[in-house]
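Contents: one structure, followed by commentary.
These figures come from a predicted structure and were not determined experimentally. By convention here, the first residue in the shown sequence is residue 1.
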Amino acid sequence: MKTFTYYYSLVMKISGTDFLFQPVFLRGFSGSLHLVLLFVLSILSVCSKFRVGNGEGTKQRIKSTKVLFYKQTFICCLGISAFNLALCLLYYFYWYRNGWSEEQLVTLLDLALRTLAWGTLSVYLHTQFSDSGESKFPYLLRIWWGFYFSISCYCLVIDIILERKHVSLPTQSLVSDAVSVVVGLFLVYVGIFGNKKSGEALLEEPLLNGSASVCNTAESKISKGDETVTPYSNAGILSILTFFWLGPLISLGYKKTLDLEDIPQLDPADSVAGAFPTFKNKLESECGTINRVTTLKLAKALLFSSWKEILFTAFLTLVYSLASYVGPYLIDTFVQYLNGQREFKNEGYTLVSVFFIAKMFECFSQRQWFFWVQLIGIRMRAVLVAMIYNKGLTLSCQSKQRHTSGEIINFMAIDAERVGTFCWYLHDPWMVLVQVSLALFILYKNLGIAAIAAFVATVVVMLLNVPLGKLQEKFQDKLMESKDRRMKSTSEILRNMRILKLQAWEMKFLSKIIDLRNVETDWLKKFLYTNAITAFVFWGAPTFVSVVTFVTCMLLGIPLESGKVLSALATFRILQEPIYNLPDVVSMIAQTKVSLDRIASFLCLDELQSDAIEKLPKGSSDTAIEIVDGAFSWDISSPTPTLRDINIQVSHGMRVAICGSVGSGKSSLLSCILGEISKISGTVKLCGTKAYVAQSPWIQSGKIEENILFGKEMDREMYERVLEACSLKKDLEILSFGDQTIIGERGINLSGGQKQRIQIARALYQDADIYLFDDPFSAVDAHTGSHLFKECLLGLLSSKTVIYVTHQVEFLPAADLILVMKDGRITQSGKYDEILNSGTDFMELVDAHKEALLTINNVEVQTVENVSVSEEDENLACTDEVVEKEDKNAQNGKTDVAGPKGQLVQEEEREKGRVGLSVYWKYITTAYGGALVPFILLAQSLFEILQIGSNYWMAWATPVSEDTKPAVRGSTLLIVYVALSIGSSFCVLVRSSLLATASYKTATLLFNKMHMCLFRAPMSFFDATPSGRILNRASTDQSAVDLSISSQIGNFAFSFIQLLGIIAVMSQVAWQVFVIFVPVVAACLWYEQYYMSSARELSRLCGVCKAPVIQNFAETISGATTIRSFDQDTRFQDANMKLSDGYSRPRFHFVGSLQWLSFRLDMLSSITFVVCLVFLISIPQGSIDPGIAGLAVTYGLNLNMLQSWVIWNLCNMENKIISVERIFQYTSLPSEPSLVIESNQPDQSWPSHGEVEIHDLQVRYAPHMPLVLRGLTCTFPGGKKTGIVGRTGSGKSTLIQALFRIVEPAAGQIVVDGINITLIGLHDLRSRLSIIPQDPTMFEGTVRSNLDPLEEYTDEQIWEALDKCQLGDEVRKKEGKLDSTVTENGENWSMGQRQLVCLGRVLLKKSKVLVLDEATASVDTATDNLIQQTLRQHFSDCTVITIAHRITSVLDSDMVLLLSHGLIEEYDSPARLLENKASSFAQLVAEYSTRSNSNLE
């Protein structure tokens, strides 16, 4: 009421109706109207509270209804509040110095009420309309908007009338009223036409200029990110300029944790499918063929495929460069204006307007430039990944041996990423020239001929880049080479982690990785210290250039005035950015060139011969396969071909068997039909589609169903027939999720037999014309093998052309043609009976088989009297009944399943919410306990103080104009300036060196800790974690820790210190700037918080979405032969493109969201700068030193850049620190039990007897998985042979893993020679046991390193072992003997030879307990007999536990254990079990014997 009375008393002083024209009346009436608004809002708020209770029922019904223009109205109200606040503060500062009048007090009250009212309205709109589902604005509010528009129009008309009557009015008043009219008009329009709009209708609303209609559809569309294309595709020009189109996603991220389905799809033009064809066409037009790619041609193709966007960003860069130099150009004029030299009326406001407009252009152009170059980078990375992937699918075998999968993964994960990152620096090289030219122009205008000295100094600084750049390129190259070697080794180790743990080799291989890392860190150290020197040179560059320039001015007698000095300093300051960035640019060019060189050299590798096979149209020939005079070689340079004199002709519908001893060339013969091996001479013709089953099963991560369908549509009837034929139905019943079970990497949660049968099912379901089987029956038990042969080859495929390699002689008589291989030649061919007596090679195989069958007959004729059964055995027989009952329960579906999350492979875990401060603290205190951090911050603070001090000195000590006497002599001026400058440069050197030291040390410690935890992690971790996830951390995340995270944290701290310096300088001149600065900083921080929740999750999604790309690529490379044989190249290429887009999606929106934030921060800091300028021109002349005021403006020019730079660094730091967070996840993995328990170490002679007792053993692979072994109790006698048999998936291999403690028992125990194995160290246990595993494994290296990785044996011992395992002669033939090369995975050795190497290892180790896990599955019967003979000879007094699919392998065992569904079905001597014809074992042997004899007759 007091306010109204005050207004009334003022108005009454004015006579008649004149008061209606008086500003005091207008302002008073306006203030009163805004008081009414506050009253209206309070009423509306109370009403809405009462309505909440009644409105709950209808909330869901109206959720799709939204108020039209809500967002624009909210922003408009907020903007008006900020505008009035700025005017209020401006008037306050101005009138505070000149005294108050009554009119001015009323104006200030009006502006304060306006600020409060519009701010309150903004809050009301946000709380009531953001997501409440209200359909229209309140009636009272719309009436008030009408009044507001009327009074605003009235005020503007009065202003115009008074102006015409030459009444003096402040310019601000006219601007304020004009803005009010425009806002009022918009609000009236909204009030009349913006009542409501349904969400569905809104979907059809075009994204007009700046319209945020997309915001209103956020709830309905964004949740379906997989189907929704990014709003950017349809955004209007204003929406694109302001990044308004990102509003819905950032808003959604603020409300909930973003998931991948929330992220919209890329615009079709930005997806790989849209960009790749253009790039490929450009590259092919440049090179003709991919094999002739050079680095230059690859770079040209990348640039020309995006030339429009690159030209557009070049234009934006030019606009930005011109706009950024407007400030330095005008500083001298501004200082002279403050000194009293006025050229024209309102010159001050004109200068402020020009400053502001230049800032706007700078902001808009920079934001769009940054966004577009990163968009180009995303495209380039995606097309390169697609190109590398496609190349990987077509690589020849020789090329694959030159580049391992780990190296190729690096091409994708690091090199392609780096080329994409380079786009950020794309325009910097020529932009430097433009900026230097502009700088010289300004310097010439201010300092005349001294500008030449500045130019020379700049050139000198730039020339220093050349040696530094070359050094960086060299170190980067070496760093990448060493990283490749490490990744190659890491990839191989992860693939074979199971065998390393079984053999207790993991620590040895960890030391190998650490050694490789040490070589890498030597180059990393050199690279980081070179960067530190570069930083020193270029932080000191502006200082050096300014010193040279000012000294030249002094020598030439050019007067130094504060305005000109400040203009020069501002110019040097802006020039500092391109000069400072120049080393980064040079380094980036060097790194990108290295990456492009590597990619180009990879693209030039030889591909599979396209003319190796002549494909005939389906049905055009009676011959399915024909090879004439074929000679083939895996190594073209080798004088002896792998296969020679190959002549075969296979008609449609024939069954062809290929047999021969280990290493005879059987698999190579299939490879030449597939076109996988290099053809030297001859012709290969193929008529019809083909399907291939590899010897080593290749299974994709994913559902079992997806593996079988392999891209084909589901035909339920066919699918069921295939499952039946492959004996998969029972297995699927046991699995908790049936055929929807997700298979781990490389089929980790399936047994060898299950993997093989899924692989056969995949081939059968394809319904091809020609089938190639590479010994698929060796990995399954005898019963399943005969079932598969009968149902698949003789049943479903009876009318198809089938070529099968086999070591099992019993499968040969069914063939129409048998090919006998020896030393790469077909030595015999024909039907079984024809070739049986025609040569010795086939006779050897058949005789070996007959010899094995004799074992069965010998065992069968033994009488019961010769068999003694111990009491223990009888007790076991009693327990069988209980077991059988349990078994029936299990078969009735009572399997122990632990919860719904029973899938082995879970989605990759990611942290959610803010990155905890503990992560930062752990990171910065990793090296030296954080002792270097205070010194780094101190050095930066001193640098900033000395920098400001030197500039302050120049501004204070130089005269404002020629007629003013200088404060100090010229020599003193320069001496002090040079001293301060040298001091600041020295601080930079200290800071950079300490930062490099801390960075290097931290990266090394984190690497060592992560790898130690990885190698000590239990096998269950590797089973459930695809290697792509681990490789992503070891490659991408470790790279970030090595090269960028320390500098990101440093940049944030340094830019924050610089910002504090600018605030200090500006507050020296005008402390009142704090009044606007504080709310602007608060707004900036609010925006940062609002944005960060989305950006953080987007960044994490980038990390999570990258792993599947790497994982898919690793799988594709290992299964390339299978993929090509099914002609599925295109489908896999499309899948890779989808995965690549899946990574680009969050990346694209992350890039956009960063510019969304930066744009808003730029706007806010520009407001601060303009308010500061307006304040400086408003204060009376002489009340402030113009030189110091000019210094404040010089620093203020950088304010918006630095303010947004601080926030940008904060966000970037939080996004990058996620790599540290991901590494920390792997430094706290659960560990296996201790390798050695000092207090409980067994004797050196343990185990001396080798007795293995198992008590009530229960095992499951993970807490959420069902039990695999369900209570086993038995004893394996010491020094005896025990055979373990059972259906595939019955738990045979699991029992062995429990013995080696690869999986810890859920209950029960295993006792070896009286020691409970869970009480001793893992290393003590595993190193005393020996195993020949199911999958024969060889590592890249030499024959010696494969047999004796721990370097414990002499060459004589190794040769002895090789001779015992029948490999001695083979190794002696090789040039390097024991140092002969073994390629990745032992690819240059056959499967059987690899199995013999594993035998050689156990012969060297001579353990008392030996486990054979289907060890002879991949060898022919003759070699199997040799192995058995070797084992009998050298392990006669050892406990030998054998898992075998060949019945002959276990018949000479002392005991046989038959498992079924994780339970003991039978356990006794073979003779006793065979005597009971009803026993499962007797039936198994009888079936095998009958089948084999009938086939041989």
Side-chain angles (χ1 to χ4, degrees), residues 496 499-512 515 662-663 1235-1236 1242-1250 1279 1281 1300 1323-1333 1336-1383 1386 1388-1390 1392-1413 1415-1416 1419 1423-1442:
N496 301 306
I499 188 71
L500 295 185
K501 287 189 177 292
L502 286 169
Q503 302 279 11
W505 288 347
E506 68 265 44
M507 288 300 110
K508 175 67 181 176
F509 278 77
L510 172 60
S511 67
K512 180 182 171 185
D515 289 343
V662 169
L1235 292 176
V1236 177
D1243 296 334
Q1244 285 298 318
S1245 59
W1246 181 87
S1248 54
H1249 186 49
K1281 287 185 70 176
F1300 281 82
H1323 202 279
D1324 285 332
L1325 171 68
R1326 292 169 184 169
S1327 62
R1328 309 291 177 88
L1329 308 178
S1330 286
I1331 184 167
I1332 303 180
T1337 304
M1338 289 181 77
F1339 299 91
E1340 188 177 13
T1342 62
V1343 174
R1344 181 189 279 107
S1345 69
N1346 267 280
L1347 281 164
D1348 180 26
L1350 303 182
E1351 299 166 7
E1352 293 175 333
Y1353 305 102
T1354 63
D1355 283 7
E1356 289 75 23
Q1357 289 172 304
I1358 293 170
W1359 278 117
E1360 186 186 338
L1362 282 170
D1363 288 329
K1364 285 176 187 173
C1365 66
Q1366 314 299 318
L1367 275 176
D1369 294 338
E1370 183 68 34
V1371 175
R1372 284 187 185 93
K1373 281 184 206 169
K1374 296 184 180 286
E1375 194 180 329
K1377 304 287 190 293
L1378 288 179
D1379 294 316
S1380 301
T1381 306
V1382 176
T1383 58
N1388 57 340
W1389 292 65
S1390 77
Q1393 287 171 328
R1394 280 181 253 165
Q1395 197 66 283
L1396 292 173
V1397 169
C1398 294
L1399 175 62
R1401 288 176 188 152
V1402 302
L1403 288 167
L1404 271 175
K1405 203 170 177 183
K1406 295 174 184 167
S1407 296
K1408 200 72 182 170
V1409 178
L1410 170 64
V1411 177
L1412 307 176
D1413 189 355
T1416 57
V1419 296
T1423 312
D1424 185 11
N1425 290 346
L1426 272 171
I1427 292 174
Q1428 297 301 335
Q1429 191 181 334
T1430 307
L1431 292 174
R1432 275 194 292 271
Q1433 187 180 340
H1434 297 285
F1435 292 93
S1436 55
D1437 60 340
C1438 299
T1439 304
V1440 180
I1441 301 166
T1442 307

Can you check side-chain contact (heavy atoms from CB on, under 4.5 Å) on L1235 and E506, steps first, answer last? CA-CA 11 Å; L1235 292 176; E506 68 265 44; 3.8 Å; yes
Are any non-hydrogen side-chain atoms of R1372 and D1363 less than 4.5 angstrom apart? yes
Is there a side-chain contact between W1359 and T1354, using heavy atoms and a 4.5 Å cut-off? no
Those residues that, when tested against S1330, pass side-chain contact (heavy atoms from CB on, under 4.5 Å) (two or more places apart): V1402, K1405, S1407, L1410
Approximate separation, where rounding is to 0.5 Å, of D1437 CG and H1249 NE2: 11.0 Å
Say you draw a straight line from NE2 of H1323 to NZ of K501; how long is it, rounded to the nearest 0.5 Å? 11.0 Å
Who are the side-chain hydrogen bond (donor to acceptor under 3.5 Å, both in side chains) partners of S1345, not counting sequence neighbours? T1342
Looking at [Y], is its backbone amide N or carbonyl O close enough to the side chain of [X] to form a donor-acceptor pair, meaning the two atoms are under 3.5 Å apart?
X: K1408; Y: G1279; value: no
X: R1401; Y: I1332; value: no
X: D1324; Y: V1236; value: no

Looking only at heavy atoms, which two atoms of [X] and [Y] are closest? And how far apart?
X: W505; Y: N1346; answer: CH2-O, 4.2 Å
X: D1355; Y: R1344; answer: OD2-NH2, 2.8 Å
X: V1409; Y: G1250; answer: CG2-CA, 3.9 Å
X: L1404; Y: L1347; answer: CD1-O, 3.7 Å
X: S511; Y: K508; answer: OG-O, 2.5 Å

Taking NZ, NE, NH1 and NH2 as the nitrogens, is one of them in D1243 or R1328 under 4.0 Å from a carboxylate oxygen of the other? no
Run the numbers on V1411 and F1300 for side-chain contact (heavy atoms from CB on, under 4.5 Å), then give the verdict. CA-CA 10 Å; V1411 177; F1300 281 82; 3.8 Å; yes
